[in-house]
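Notes for the one structure printed next.
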Amino acid sequence: MADGFAALDFTPEVEAAVAPLWERVKGRVTPLEWRVHAPLIAEINRIKREKNAVILAHNYMTPEIFHGVGDYVGDSLGLAREAARSDAKIIVQAGVHFMAETSKVLCPDKTVLIPDLRAGCSLASSITGADVKLIKQRYPGLPVVTYVNTTADVKAETDICCTSANAVQVVEWAAKQWGVDRVILIPDEFLARNVAAQTDVKIIAWQGRCEVHERFNAADIAEMRIAYPGAEILAHPECPEEVLAAADFAGSTAAMNDYVITRKPKQVVLITECSMASNVAADAPGTQFIGPCNLCPHMKRISLANIHEALVKEQFEVTVDPVLAARARLAVQRMIDLPPPAEPARYDLVKARHHVAVELI
Ligand code: 13P
Ligand code: SF4
């Protein structure tokens, strides 16, 4: 075809090729939608083989991406680890821009593509490398722990990165290595407050927020408890402290996933991005998923259509200045080199119920 795209029809061959995937998503995707998704899934999977490409898909991707084309699916920590060990020539990041940058930082020789350059993050845009330089001047000698939800120039000013799956472990490691009792943990204020409740290390925090998780509050949880008294409530640590204090479990997206798969609750509320529930549902047939959830507008910029276009045109390539990347890599690699937790890290809710002050920059 003139634009270089193959005809994408829902032929019997396509239907047969993606039949096992349909079995996984049919509770969450309608047959009408599947007629549009299926030819794209078959074609994306064919091009991946042809070009030696892999797709790293975050837990917040829609189910047709997550189950249909993701070669590795998981939380931010898992995606970073997978990027580091991948031997593919091309990585397509089905997630947001900071995740693609992290992959590029870890894999400077690979081509890293993001299907939509506008897929940002309110946390990543809350702070710059220049801000971190000023913070270091204000708190000389204290280690800087930075959430992976940041740009490469912020990571380049950082001592070690963390994700919500290992933030407590990383903060305690940094305090011990530096021989100090205070650690700078930026830029997510709520993650910092939630980590502060879990450790004796004092936390200095920045006022960044995840625009998805900051919208939840204790009243949402109280309403859910009345409407669904048997439901188990799981919250992400980017939520305000009052939400964690009222929840039954808190952890990263991978930890929430693990909780549902292993504990098999009858009814569950996932206090996080909406696609999480759709993706876990495929492996949790006995669990009823109840709202509320919020959509991340950045994650939702990624679609099967733009993943397909990214692979065909090899766009949009994410590049990081090599000198900056080398500095950022030290911080990400330090995190990856820490021993992985025996099980997905959970936040102790008894501790979460005791308010601990943080110093806000
Ligand atoms: P995790 O997948 O690390 O829990 O992060 C959630 C998130 O908001 C990523 O943008
Ligand atoms: Fe950023 Fe929040 Fe969206 Fe994750 S869910 S990409 S932290 S805005």
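Order of listing sets the numbers, starting from 1, for every ligand and every atom in it.
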Exercise. Is there a side-chain contact between Lys26 and Pro31, using heavy atoms and a 4.5 Å cut-off?
Worked result: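 A side-chain contact is absent here, since even the closest heavy-atom pair is not under 4.5 Å.
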Are [X] and [Y] grouped together when hydrophobic residues (ILVMFWY) are joined by side-chain heavy atoms under 4.5 angstrom apart?
X	Y	result
Ile186	Phe190	no
Leu330	Ile336	no
Ile271	Tyr347	no

Tell me, please: is [X] in heavy-atom contact with ligand 1, that is, under 4.0 Å?
X	answer
Cys210	no
Asn149	yes
His58	yes

Exercise. In terms of the angle between their ring planes, are His213 and Phe216 parallel, tilted or perpendicular, with boundaries placed at 30° and 60°?
Worked result: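 Because their plane-to-plane angle lies in the 30° to 60° range, the rings of His213 and Phe216 count as tilted.
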Exercise. So Trp22 and Trp34, would you call those rings parallel, tilted or perpendicular, with 30° and 60° as cut-offs?
Worked result: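 Trp22 and Trp34: tilted rings.
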If you count the non-hydrogen atoms of other residues, nucleotides and ligands that lie under 6.0 Å from [atom1] in [X], is the total more than 12?
X	atom1	value
Asp200	CG	no
Arg35	CZ	no
Asp87	CG	no

Do any nitrogen or oxygen atoms of [X] come within less than 3.5 Å of a nitrogen or oxygen of ligand 1?
X	value
Ser252	no
His213	no
Asp75	no
Ser76	yes
Tyr147	no
Glu238	yes

For this session: Enumerate the atoms of ligand 2 whose separation from the nearest heavy atom of Tyr60 is less than 4.0 angstrom.
Result: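 Near Tyr60, meaning under 4.0 Å from one of its heavy atoms, ligand 2 has 5 (S).
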For this session: Could you tell me which atoms of ligand 1, counted from 1 in the order shown, lie closer than 4.0 angstrom to a heavy atom of Met299?
Result: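 Result: 10 (O).
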For this session: With heavy atoms of His236 as the reference, note each atom of ligand 1 found under 4.0 Å away.
Result: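 Atoms satisfying the 4.0 Å criterion: 1 (P), 4 (O), 5 (O), 6 (C).
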For this session: Answer yes or no: is the gap between the SG atoms of Cys293 and Cys274 smaller than 2.5 Å?
Result: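 The answer is yes, since Cys274 and Cys293 bring their SG atoms under 2.5 Å apart.
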Exercise. Cut-off 3.5 Å, side chains only: do Lys133 and Thr128 have a donor facing an acceptor?
Worked result: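 Not at all, the side chains of Lys133 and Thr128 share no donor-acceptor pair under 3.5 Å.
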Problem set entry | Polar protein atoms (N, O or S) that approach atom 2 (Fe) of ligand 2 to under 2.8 Å |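 Listed by chain and number: Cys210 SG.
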Exercise. Stepwise, does the side-chain hydrogen bond (donor to acceptor under 3.5 Å, both in side chains) test hold for Asp75 with Thr253?
Worked result: CA-CA 6 Å; Asp75 67 355; Thr253 55; 4.8 Å; no
